[in-house]
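One structure coming up, written as structure tokens, with questions to follow.
Residue numbers begin at 1 in each chain, while the letters A, B, ... track the order of the sequences.
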Amino acid sequence: MMPLVKIVDVEKVYKTGSVTFAALRGVSLDVAEGDFVAVMGPSGSGKSTLLHLMGGLDRPTAGRVEVKGVALSEMDETALAKFRRAHIGFIFQFFNLIDNLTIRANVELPALLQSGRDRKAVRGRADALLERLGILDQASKHPWELSGGQQQRVAIARALINHPTLLLADEPTGNLDSQSGQDVLRILQEFNAQGQTILMVTHDAAAAAQARQVIFIRDGRLVETVPGRDVQKIAQSLAALTGT
Amino acid sequence: MLAVWQKIKADVFGRPFISLLTLITIISATTLLTLALATLLNLSQPYDRSFAELNGAHLWLYFDRDRIRRRDVEKIEALPEVTESTGIRYSITSRVQIDDTRVWVSIRSTPVQQPQVNRLLVQEGRYLLPHQTEVLASRDLSDLYDLAVGENVGVTRQDGKKMALPVIGLAYNPTWDTYRNTQPPYLYVSEDLFQELYPDEATWEWSLGVRLADPEAVDAALAQIEALLQADAVRIHTDWRDVKESANFGAQLNFIMLGAFSLFAILATVLVIVSGISSFVLSQFRQVGILKAVGFTKAQILWLYIGQYLVLGLIGCPLGLVLGILLSPLPLKNIASSLSTTFQPPLNPWIVVAVLVSVPAMIVVATWRSARRAAKANIVKAIATGAEAPAKKEFWLPRLAARLGFPIPFVLGLGDVFARPFRSLTTGLNLLLGVIGIVFALTLNETLEIYKANPPLLGVAYDAVVTRGVTSDSRVQYLLGRAPGVEAFYGEYRVDVETLAGETFQVRAVDGDVADFPFRILAGRVIRPGTAEVMAGQGLLDWLGLGVGDELTVVLDGWRHRSITWRIVGAYTEPVNAGQMAMANFSTLARLLPGERPAAYYLKLAPGADTTLLKRYFEPRPESDLNLTLAGQAIPGVVVYLQLALFALSGILIGIALVSVFNTSLLAVQEKLRIIGVLKTIGFTPSQVITMVNTTAGFLGLLAAVVGLPLGWVFTKSALAIMARSYGFGAVEVPLNVLYALALPLLMIGVSIAGSYLPGKRAARVSIVNVLRGE
């Protein structure tokens, strides 16, 4: 079966003046549909760069990134934006909600971009998601009126409203207290159980343990893949990787 | 302090784009301020300036040639009150051909070197050259007959031969009184040419201009001069104070309009500096947080930003001043022309000091205010958010737009208008000033078009005028009765009268029935033939404090023992002499004017009358003494010059608004980079990002147009009402052209979108990864 995400010999080099930095060096990876993959590694190892390339936020210096059989690097900016809108959902460490929109408006935003004419259906989907995430009663509030955990739930709802093919989460629990972090991970697991493909970048072994498989990355190269659910093994691999 | 200075240097030179943008803002604002102050400078005492510069004559004497001798003139020049003299000036009153119109002018012998006393102000073209067959025309001939430099004037020599003389320049004479029209317009020729055209010295008219030791003692000096000469040797005279009064009267419209525009421009300068600098400072919110985190005190942060923008101000301000000085001739030469004065470049030390002090002062105040706000912010929040928190309250308009199904980029762009209310307000005000300027210029233009198309609105109730020379009045009346296409006519004789309180004005003594003419009657009715009735121009009634129904008693020059009393039966729009004239039946004055008959005849033509045929009828031969002139424009020349200046100033105001929109949009984009990154992440296309940025600016443009249209219209209406009162027009119709009203919002949206287009493109190119990595 064809993988949902196919990454082949991807390299990414950043240039700042005369200084070059290779964030990814010949990474190849497949993510199957319905999988839940966690990516771990020390700071600067290339985790977020990998996530950005998968989400079409950036283009590889070399190699190929395909999502659903579509080569992202061959698309122009507009086509890429439309592809992201339809197929990719993003969750960020700092939530990145839009302050002067209400919670409901934040969630509806990608759906209105995708199918702006059917506002009633969009409203229904947004409210259903908010209800499922337990924050429907906050729908008329603004982001600054909510706690961090609640804001991350809003971000999850926004990421899922267009039923994305792939959900990308960059340190989704990094800015939350432990209880809120656990709640977010539980929610992600629930959606994964229903078939949502998720790729999550994290520093937290406990968070990574919620995934089905964990990929370790160092200095821009994939170094190890271990099954999820095994916190001890994950912690050992991480310690080996970071030398702690 | 060293740390502050190092950071100032790093900020100024390390961020060349922002420094350049700040410089452009400061330069454009300084340029505008220089132009505004230069406009005010050029509006200041225009007549006094030109009079002083041209060394004008305080008194001009026109002699009766039969009662004056050269020795008499020497006696006048020797009077202690007389400090300088023009020497005898020779002239001939003659009719010349301008285009197809024959016009009475005074052809004057003039030295080819500009004289010491009463020099001419050449406003277009050049002054006379020796041994050239050419003519320098008074600017009034251009205003009245559209005579332009390069055209020819047909002159008849004393021997009867015709000559075409090219006009090489248009000039202003500081002692020619436009108000009283005691002299026909002047044509200046060299002394050589004058002698060649009119060799018989006996036919030359003599006049003399003198400067007085005490310029206010004109009446005493005149009395002394008259005492030296034979009785009535001085036929008429011109007092410089009367000319000044006329000049200042004619300029008052300019004072109102251009004064208002200058204040607009000063306000626009303040707005563009305050909004620009405040936004630049507040866009560095994160940096302020970092500086505080590393130990900068609030005072050091204030010094840092004040120093940084002051450095840029001290570079940009002189550049803007120089640019303003270089650009000033564009609008200000027209203003100077309309005021009949010399153009004053803004090199005046007061302007230079005012600009060099006020702009840096504005920069310091704007920087201090914003830096203080930024320095007060919580360090953690400042570093985390990177920008001052936007207004939290969501405005109803974006919500309504969302509910109505407007596209999301449009709704978000609309929301951004209200996210930074102060910045939107200052940018909106900049645009508003531009709109008011445009509405003002366009409405003035539209009003003039209506008045040009319908001369009776301005009191021009006739279609043509016939003047006579030697042909008798009865013969002219006979001809007029049979003239092709003439529906009605009346004769007119102008006479100077004086009220019992000593106010002098002119009366149109009319012979015929004026009821057939479409006079614009403001109150009452027109006079009936043969009655002791008078109708007065609104300007005269306002001046004398009289109204319809009152009596008006006057005396004629030389008939002080016999007065005439008329009953005022109507007020009408009088196009001449600021409406300070009256119209009475000639029959009531005939006994005081023995042997006099009307010399001008006003005609009402049938619709579609053949004016060429009519011209041939009255002027069958070139030497005919009858002259037909079709009614021309009655719009004061000053208004036409003013229009040009207003359009130029409106363009400058719009240019400044464009700079303001560009700054605001760019800084909004700078502040919103994170949000733009997020929006692109969730699927905003580049064109949707541009649409969002353009919507914010476009909405401000629309808002400015919607508010500015009625405001501008009310402003124009008020200004024209003042003008109408001054000129005695009565009420002025001020139309608001529907097409303009519809087009202006589109124009302002277009201007705003143009101003925000580049910032929008920059936003569209934002790298999502770079923005998110900034977290």
Legend entry - Between A:Asn162 and A:Arg85, a side-chain donor and acceptor under 3.5 Å: no
Inset, instruction - From the options B:Leu746, B:Val661, B:Leu658, select the one residue that forms a side-chain contact (heavy atoms from CB on, under 4.5 Å) with B:Val751. - result: B:Leu658
Legend entry - Pair A:Arg64 + A:Asp9, salt bridge at N-O below 4.0 Å: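 Salt bridge: no.
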Legend entry - Toward chain A, the part of B:Ala764 with a non-hydrogen atom under 4.5 Å: neither
Legend entry - Under 4.5 Å from any heavy atom of chain A - which part of B:Ile408: side chain
Legend entry - Residues A:Asp219 and A:Arg25 bridged, charged N to O under 4.0 Å: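 Looking at A:Arg25 together with A:Asp219, the answer is no, because their closest N to O distance does not fall below 4.0 Å.
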Inset, instruction - Measure A:Leu97 against the heavy atoms of chain B and call it side chain, backbone, both or neither at under 4.5 Å. - result: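 Interface part for A:Leu97: backbone (N, CA, C, O).
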Legend entry - Top contributor to chain B contacts, counting heavy-atom pairs under 4.5 Å, from A:Leu80, A:Leu109, A:Asp170: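 Answer, by heavy-atom pair count under 4.5 Å with chain B: A:Leu109.
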